[in-house]
Amino acid sequence: MTETSWTRKDLLALEDLSKEEIELILKTAESFKEVSAREVKKVPALRGKSIANLFFEASTRTRTSFEVAAKRLSADTINFSSSGSSTSKGESLSDTAKNIEAMQVDTIVMRHSSSGSAEYLSKVVKAGVINAGDGIHEHPTQGLLDIFTIKEKKKNITGLKVCLIGDILHSRVARSNIWGLTKLGAKVTVCGPPTLIPRGIEKLGVSVEYDVDKAIKDQDVLNILRIQLERQAGAFFPSIREYAAEYGISVDRMKKAKSDVIIMHPGPINRGVELAAEVADGANSVILEQVTNGIAVRMAVLFLTTMVER
Amino acid sequence: MKILIKNGHVVDPKNNIDQPMDVLIEDQKIKKVAKSISDKADKEIDAKGKIVCPGLIDLHVHFRQPGYEYKETVETGLRAAVKGGFTGVCPMPNTNPISDRRSDMEFLVGEAKRLNLVRVWPVGAVTLKQEGKELTEFGELKKGGAVALSDDGRPITDSNILRRALEYSKKFDLVIMVHCQDEGLFCGGCMNEGFISTKLGLPGIPVEAESVEVARDIQLADLTGGRLHFCHISSKKSLDLIRHAKANGSRVTAETCPHYFHLTDESILHYNTYAKMNPPLRTAEDVKAIKEALSDGTIDTIATDHAPHSENEKSVEFDKAPFGIIGLETSLALSLGMVEEKVLSLNDLVRKMSLVPAEILKIDRGHLSEGAWADVTVFDPKTEWTVEKDKFESKSKNSPFLGWKMKGRATEVICEGRIVLKEGQIEC
């Protein structure tokens with residue numbers, strides 16, 4: 001597959017992509033990664049293009065990452081966040097997006113609390129739509145940057161054992177990882193309290209394990225998901241304390257994992273809950289590299305989608 | 001005034017008629033049903049190749065008036081009913097304000113009378129403001145024209161309130177129509193819980209949110225001896241319970257809706273808000289069970305749960321869209337699909353859409369006996385047509401069947417001796 005064969009103006013979900021399309025993004029990201037290491041961190045690839053960041057949910061990392069990625073490609077960026085914008089005045093998503101589009105924006109990067117909102121948006125605007133997280137559905141660029149990081153560390157994805165640990169039910173990161181990794185031939189296990197494993201998940205081609213001590217053995221990658229503290233109120237688990245004891249990746253627990261296992265986390269980390277500080281900052285951790293790679297992957301995605309003929 | 005319907009095939013389950021016959025109507029009543037009637041009539045309808053049956057009754061619709069006239073009014077709702085082949089419908093009381101007083105019933109009946117289309121038999125609320133706390137005045141509601149009571153749209157969470165409602169309703173012989181939904185299990189869900197909800201990342205509603213309350217309500221029907229009717233049953237688990245209850249002599253009846261025997265939760269893929277309703281579309285296994293229950297009589301009647309919503313309300317993020325779809329204008333064709341699939345005989349279908357709802361509501365309709373009200377539906381079971389947005393009489397267009405090729409359509413509707421639909425066109 002060559003670069004010219006990229007045909008999508010939108011990136012909505014990794015479910016939609018073929019293995020070749022994922023590989024193309026990864027390859028494009030590799031070439032962009034070098035840009036961020038230069039003294040002058042900028043290329044003119046998207047000069048004259050406008051990219052809007054439309055964030056209806058609080059986000060620091062993802063929004064900043066997209067903004068940096070767009071700027072390193074020389075695109076103009078516009079930031080909209082929900083507080084203080086028209087949505088708090090009752091404007092519909094469709095109207096908000098059409099107004100932004102009317103400002104001749106080429107690509108809209110959106111985060112929204114409703115699953116399916118990115119797909120919905122792509123149907124109502126002509127601009128490209130990049131899903132920066134839609135409800136608990138998908139977070140495709142996070143999935144891509146996770147895969148990019150795994151590939152960097154482990155070279156080959158095929159046959160690799162990857163375990164996602166935590167709140168699988170409410171995790172868009174988990175869904176995107178599952179789609180992407182299984183398409184590339186990894187063996188994926190999901191591990192978490194039975195209350196947080198969604199029904200029918202095994203039909204996506206993953207194994208389910210409730211016991212984290214069993215789950216982490218022989219894994220090449222542990223991707224630890226953030227546990228949302230408010231889930232306790234939904235009776236998904238009794239206490240943060242017990243969650244940490246049963247599922248937290250502690251120094252002790254790490255002894256059961258392979259010595260070369262890599263530890264990933266999409267952030268922000270609840271230190272001492274799902275992940276011990278020593279592990280997060282330890283030798284196996286690639287968490288900050290994920291952040292660095294996020295820029296390259298988002299540059300690739302913005303470049304490929306924005307350059308598609310409309 | 002005499003109307004003669006000639007050359008049709010009459011299906012009248014109550015009178016065991018299922019053969020070519022003519023129907024003579026005089027004034028507002030059925031004069032006779034016989035072979036080759038040669039009486040001179042003021043109007044003659046040639047029903048060659050068509051089915052002539054008792055007027056169809058839909059005991060579960062939402063007309064949104066008062067309060068949500070932008071979705072539907074009694075007028076647009078009744079026009080949709082006429083187009084769909086119905087001679088009578090039962091609007092649910094979840095209007096704004098809630099239809100929980102005698103005057104609300106009188107308003108609906110009066111509107112129908114003024115519009116002079118087909119009959120409205122209103123359903124009053126079981127509890128004030130449908131809050132599930134205090135009973136409405138059943139006697140007054142009945143005097144105002146209510147034929148049933150329901151808090152549809154909401155479950156009656158307090159078992160004791162439902163118990164009292166079922167007991168008290170016996171004095172008035174009013175059926176209580178229940179919307180089964182365990183609020184705890186429902187838990188803010190917006191589609192069936194299963195693989196599809198997992199894939200789409202949408203909060204799921206387990207089948208048990210319905211069946212747990214079905215189980216409870218059967219117990220309460222048995223305890224009280226009141227008449228209980230299950231609205232919009234969607235799942236195999238609920239049907240298994242209802243089948244068992246009926247075998248044990250419980251006084252319960254059940255309805256389903258065409259979408260539950262034609263669609264599964266896969267219709268929601270790509271976040272199709274026109275496939276969002278409550279209870280939600282289930283799985284292929286449930287669809288199969290619904291067909292079996294239609295066939296073996298566990299399901300007594302087919303209703304539409306006609307639930308209009310404006311395009312603005314449905315054109316939003318999936319989780320923000322309201323539940324409900326329209327159904328009056330597609331119900332007959334979709335139900336005829338069950339005859340085509342040999343799930344039901346034509347006779348059974350007509351029974352489930354006319355006689356049975358009349359019996360549940362205790363209204364003397366749904367048959368063509370001599371002297372009965374002349375409510376008659378004539379439909380062509382072979383006409384093919386496509387569901388198109390712009391062709392709906394309903395004010396709202398929220399149908400998951402848009403673009404579907406349909407077979408079968410009402411051509412004439414006669415309500416109390418007035419021709420309101422003629423050759424597929426509404427007559428006023």
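Lettering of chains follows the sequences in order, A, B, ..., and the numbering in each one begins at 1.
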Answer with side chain, backbone, both or neither: which region of A:H170 has an atom nearer than 4.5 Å to a non-hydrogen atom of chain B? neither
For A:E101, is there an ion pair with A:K98 - N to carboxylate O distance below 4.0 angstrom? no
Can you check whether B:T283's main-chain N or O pairs, donor with acceptor, with B:D286's side chain at less than 3.5 Å? yes
Name the region of B:T273, side chain, backbone, both or neither, that has any atom closer than 4.5 Å to a heavy atom of chain A. neither
Can the ring centroids of B:H232 and B:H179 be said to lie less than 6.0 angstrom from one another? yes
Which atoms of A:E15 are under 4.5 Å from chain B, going by heavy atoms: the side chain, the backbone, both sets, or neither? side chain
Given heavy-atom pairs under 4.5 angstrom as the criterion, report whether the side chain, backbone, both or neither of B:K199 touches chain A. both
Derivation of the side-chain contact (heavy atoms from CB on, under 4.5 Å) call for B:L200 and B:F318: CA-CA 10 Å; B:L200 293 174; B:F318 190 88; over 6 Å; no
Does atom NZ of A:K187 have more than 12 heavy-atom neighbours, drawn from other residues, nucleotides or ligands, at distances under 6.0 Å? no
Among residues 115-139 of chain A, which residues come closer than 4.5 Å to chain B, judged by heavy atom distances? A:S115, A:G116, A:S117, A:E119, A:Y120, A:K123, A:D134, A:I136, A:H137
If only side-chain N and O atoms count, and only distance matters, is there a donor-acceptor pair under 3.5 Å linking B:T76 with B:E72? yes
Show, in sequence, the C-alpha distance, side-chain angles and deciding distance for B:K237 and B:E210, and conclude whether the salt bridge (charged side-chain N to carboxylate O under 4.0 Å, His left out) test is met. CA-CA 9 Å; B:K237 283 202 169 164; B:E210 178 179 86; over 6 Å; no
